[in-house]
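Here is the structure we will look at, set down as structure tokens.
Numbers restart at 1 for each chain; the letters A, B, ... are given by sequence-line order, proteins then strands.
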Amino acid sequence: MTGPSIRRRSVTTGLLAAALPLPAIAQGTGAGKRGGDVIVAQQAQPPTLDAQTTTAQASRNITLHIYESLYTRDEGANPKAELAEGVDIAADGLTYRFTLRGGVKFHNGKTLTSADVKASMQRYAKIGGSGDVLKPVAAYETPDAKTFVMKLASVFPGMIDAISSPRAPFVIMPEEECGKPLGQPAIIGTGPFSFVEYKPDSHAKLVRFDGYAPNTAYTKRDGFTGRKTAYFDSVTFRFMPEGGARTAGLQTGEIHVLESLDVAAAKRLESDKNIVAHAMMPWAFMTLMMNTNWGLTANVDFRRAVQSALDLEEIMGLATDGLYRMDPAWQYPGTGYYPGIDGLDAYTRQDQARAKTYLQTAGYKGEEMVIVADNSFKPHLDAGTIASQQLRAAGINVKLNVMDWPTVMSTRSKPEGWNLWPLMMGIEPYEGPYNVVGFFGGKQTVQIKQDPVIEQCIADLASKLKLEDRVAAVKAFQARLYDQAIAVKVGDVGIIQATRASVVNYAPYRIPRMWDCWFA
Amino acid sequence: MLRLAGVRLLVAVPVLLVVSLVSFGLTLLVPGDMAASLAGSTASASEVAHIRTELGLDRPPLERMAAWYGGLLRGDLGRSVLLNEGVGQAIVERLPVTLSLAGLGLGFACLIGVPTGLLAAAKVRRWPDQAAMGASLVGLSLPDFWLGLLLVWIVGVKLHWLPTGGFVPLTQDPLGWARCMILPAGALAATQVGPIARMTRSAALEVVASDFIRTARAKGLAEPRVFARHVLAAALVPVLTVAGIGFGVTLSGALVIEQVFSLPGVGRLVIGAVLARDWPVIQGGLLLTAFVFVAVNLLVDVLYLWADPRLREQS
């Protein structure tokens with residue numbers, strides 16, 4: 001693949017060395033056909049289209065057609081340039097000099113300059129969803145219209161990983177929009193589609209931006225970057241909460257692309273020649289987080305009993321309708337930070353006798369264990385329900401509290417009142433180690449009580465310039481999670497996206513990408 | 001009649017005040033806030049806290065309450081950050097969808113239920129009566145969301161007669177609007193046909209033995225005309241009562257049906273707001289719902305006066 005690269009004058013080459021094992025993708029099948037309004041259905045409506053401020057998938061699906069970043073991720077989740085031609089990182093790791101691509105226009109006709117980049121980054125640092133990663137930045141400089149410089153007060157080798165993440169994307173907006181508060185800026189980006197309207201509870205509409213400047217450093221679509229070409233005249237994202245209605249819409253042709261199709265429906269539609277199912281593996285981690293601060297799970301032996309009592313494959317099989325793979329690692333295989341799985345078998349194998357021994361050691365006397373699970377995401381509820389049954393079978397008195405998502409979020413952030421919480425981590429493992437490890441650290445860590453070993457892993461990840469040292473930090477983090485039974489990695493979950501057969505050259509990815517595909 | 005309307009509207013003021021207090025109380029009692037929704041499903045606690053501060057959601061309850069009531073006195077229901085628009089505007093934009101859905105549903109229910117009830121009364125204890133009452137009981141027993149999904153499957157997917165969901169504004173395309181509304185309104189109507197038919201039958205049976213009906217028959221009027229002109233008119237008051245209650249039921253049913261058919265109405269707005277803890281929208285939605293119920297009750301009272309000359313004289 002051609003394309004700009006990160007030039008590091010010393011230290012190491014590349015930040016993520018290898019690609020994720022994503023499915024083979026048909027590309028470059030010849031010139032596409034322009035025209036048509038493609039209708040994409042998604043379950044949730046975006047909480048906001050202010051891309052910098054939210055990690056919501058429903059927002060990302062739309063905003064990453066409108067906005068672009070300096071760096072983003074390629075098909076294998078590696079950081080790759082998008083609005084930047086490249087970056088020159090100083091040998092001391094404290095200065096990042098980005099050269100911007102020329103001729104890039106915003107949807108309002110204005111040419112992109114370093115002033116827009118500076119204002120966007122400053123806004124992100126203030127209200128962005130992952131604003132903390134810009135804390136090491138001491139100054140933003142714009143020596144000329146094509147050059148943007150970030151000067152760091154302390155080294156942060158994960159900077160390019162961080163600012164290229166699509167989680168709460170570091171999108172570049174026109175300078176004049178950056179002073180506006182959360183949710184207020186006009187939706188103007190540099191992407192292949194421009195914003196037309198957003199009707200909450202109904203739809204969002206985008207049209208092809210004919211002034212779009214494709215990135216000529218690439219030859220084809222590549223993850224969120226590459227040489228993007230918009231063929232559809234417009235894209236309509238419809239928000240359809242009812243799964244049956246979404247599937248019915250796809251069957252009748254009222255919908256052309258489904259963000260996700262449940263496994264049972266995909267099996268049912270296998271014989272329908274008008275529908276193509278695109279499976280992606282992996283999509284997310286399925287995890288069970290434990291509160292190490294309160295009640296039974298404050299005791300490490302009790303947590304180990306929970307770890308031993310669970311049949312992880314049974315949970316995955318039922319919670320995902322069979323679309324899963326067993327994988328105990330806290331990074332995906334094939335990625336640069338993959339810590340390996342040596343020695344994990346003992347932790348991941350169900351062993352009821354060992355669970356009973358740990359319960360005795362913990363002095364367990366039938367006290368109530370509280371599992372909180374939300375009913376907004378079916379796999380969470382299923383995983384919580386099955387885990388409850390397995391733990392009851394091991395002699396643990398489990399209370400399963402099923403709530404809606406905001407209540408669960410509120411409950412699990414409290415230091416007391418819950419012991420175990422099922423959660424799918426979608427975008428974080430895709431990004432790499434920073435937000436996976438970071439989820440277990442800091443003052444508001446997911447397990448409530450900070451762990452000194454994990455804090456050290458986070459510090460090492462943030463400061464060690466050599467890749468092997470950072471991989472060692474991820475290994476240490478994973479070993480600590482298993483040894484202390486802070487959280488259970490149940491397995492990897494897949495996803496099925498679906499299209500009408502009339503949509504040509506579609507390739508599944510982290511969002512339903514509507515560039516480089518077209519109607520037959 | 002005007003006096004009655006005035007009294008009812010005055011009574012509505014304390015009702016709306018209580019509703020507003022309860023809805024504000026809910027904001028304090030129910031866990032979770034908008035910041036978590038805005039941040040996304042895997043945002044860390046610190047990221048959520050950051051947004052909470054940015055939006056001022058961590059202000060003291062009394063301060064928020066004073067600000068909200070202050071706005072209410074100025075006719076301002078507040079602003080939704082999630083929708084990026086005023087709550088009043090958001091509700092007004094969606095109200096036509098919900099009212100037309102509920103109205104159409106009730107209309108279908110009356111169009112089917114009243115003649116069915118009259119037929120059952122005319123053929124009492126014979127097979128048409130038993131068939132009509134049995135069918136209405138089946139309709140009453142079917143959950144509207146399930147019936148909605150069934151209609152989507154049969155009429156939309158299998159027969160391709162009507163769209164499976166979505167909405168076209170009436171002003172943009174009347175035929176498209178009708179095609180979008182038939183299935184959801186039909187699903188809503190099914191649950192209301194039963195009560196209306198049964199009440200019509202019961203009221204008609206009370207009237208049918210009256211002297212004036214016997215006189216109408218003695219004049220030689222055909223039986224259908226006796227029922228359509230005299231029995232129905234006299235039986236209308238209890239039917240109006242059931243229809244008034246039915247409107248409330250269809251309004252609440254519309255909340256679910258809007259989800260099933262992806263209709264951008266107030267129900268979907270409020271459900272989305274509840275799930276996202278968008279409190280200004282929830283409070284505005286509750287106030288509006290209470291007001292609509294008051295207005296419908298008032299309308300039913302006025303219709304009583306229109307339907308029953310004895311009540312007109314008393315008032």
### Query
Between the side chains of A/Arg167 and A/Ser130, is a donor N or O closer than 3.5 angstrom to an acceptor N or O?
yes
### Query
Strictly under 6.0 Å, is that where the ring centroids of A/Phe440 and A/Trp330 end up?
yes
### Query
Relative to chain A, which of B/Phe261, B/Trp153, B/Phe167 shows the most heavy atom pairs under 4.5 Å?
B/Trp153
### Message
One thing to verify: whether A/Asp37 and A/Lys205 come together as a salt bridge, which I'm taking to mean a side-chain N less than 4.0 angstrom from a carboxylate O.
### Response
yes
### Query
If you count the non-hydrogen atoms of other residues, nucleotides and ligands that lie under 6.0 Å from CZ in B/Phe291, is the total more than 12?
no
### Message
Under a 4.5 Å cutoff for heavy-atom pairs, which residue among A/Met403, A/Met240, A/His203 has the most contacts with chain B?
### Response
A/Met240
### Summary
Max heavy-atom pairs within cutoff under 4.5 Å with chain B, candidates A/Ile127, A/Leu49, A/Thr48, goes to A/Ile127
## Note on the structure
Honestly, the part of B/Leu149 sitting under 4.5 Å from a heavy atom of chain A is side chain
### Query
Between B/Asp278 and B/Ser80, do the side chains contain an N or O donor and an N or O acceptor separated by less than 3.5 Å?
yes
### Task
Under 4.5 Å, counting heavy-atom pairs only, tell me which of A/Asp132, A/Asp404, A/Asp50 racks up the most with chain B.
A/Asp404
### Query
Quick one: of A/Thr407, A/Ile255, A/Val446, who has the most non-hydrogen atom pairs under 4.5 Å with chain B?
A/Thr407
#### Entry: Heavy-atom proximity to chain B below 4.5 Å, by part of A/Thr53
backbone
### Task
Establish, from distance only, whether the side-chain atoms of B/Thr250 and B/Gln192 form a donor-acceptor pair under 3.5 Å.
no
### Which of A/Gln184, A/Gln45, A/Arg246 touches chain B most, by non-hydrogen pairs under 4.5 Å
A/Gln184
#### Entry: Heavy-atom proximity to chain A below 4.5 Å, by part of B/Ala90
neither
### Task
Give a yes or no on this: more than 12 heavy atoms of other residues, nucleotides or ligands lie within 6.0 Å of atom NZ of A/Lys180.
yes
### Query
Relative to chain B, which of A/Ala168, A/Ser202, A/Pro241 shows the most heavy atom pairs under 4.5 Å?
A/Pro241
### Message
Whether the B/Glu258 and B/Thr98 side chains hold a donor-acceptor pair (N or O, under 3.5 Å, no angle test) is what I'd like checked.
### Response
yes
### Heavy-atom contact with chain B under 4.5 Å, split by part of A/Thr445
neither
#### Entry: B/Val157 versus chain A, the contacting section by heavy-atom distance below 4.5 Å
both
## Note on the structure
Okay, A/Lys443 and chain B: the region with an atom under 4.5 Å from a heavy atom over there is neither
### Task
Would you please say whether a donor-acceptor pair under 3.5 Å links the side chains of A/Asn61 and A/Glu259?
yes
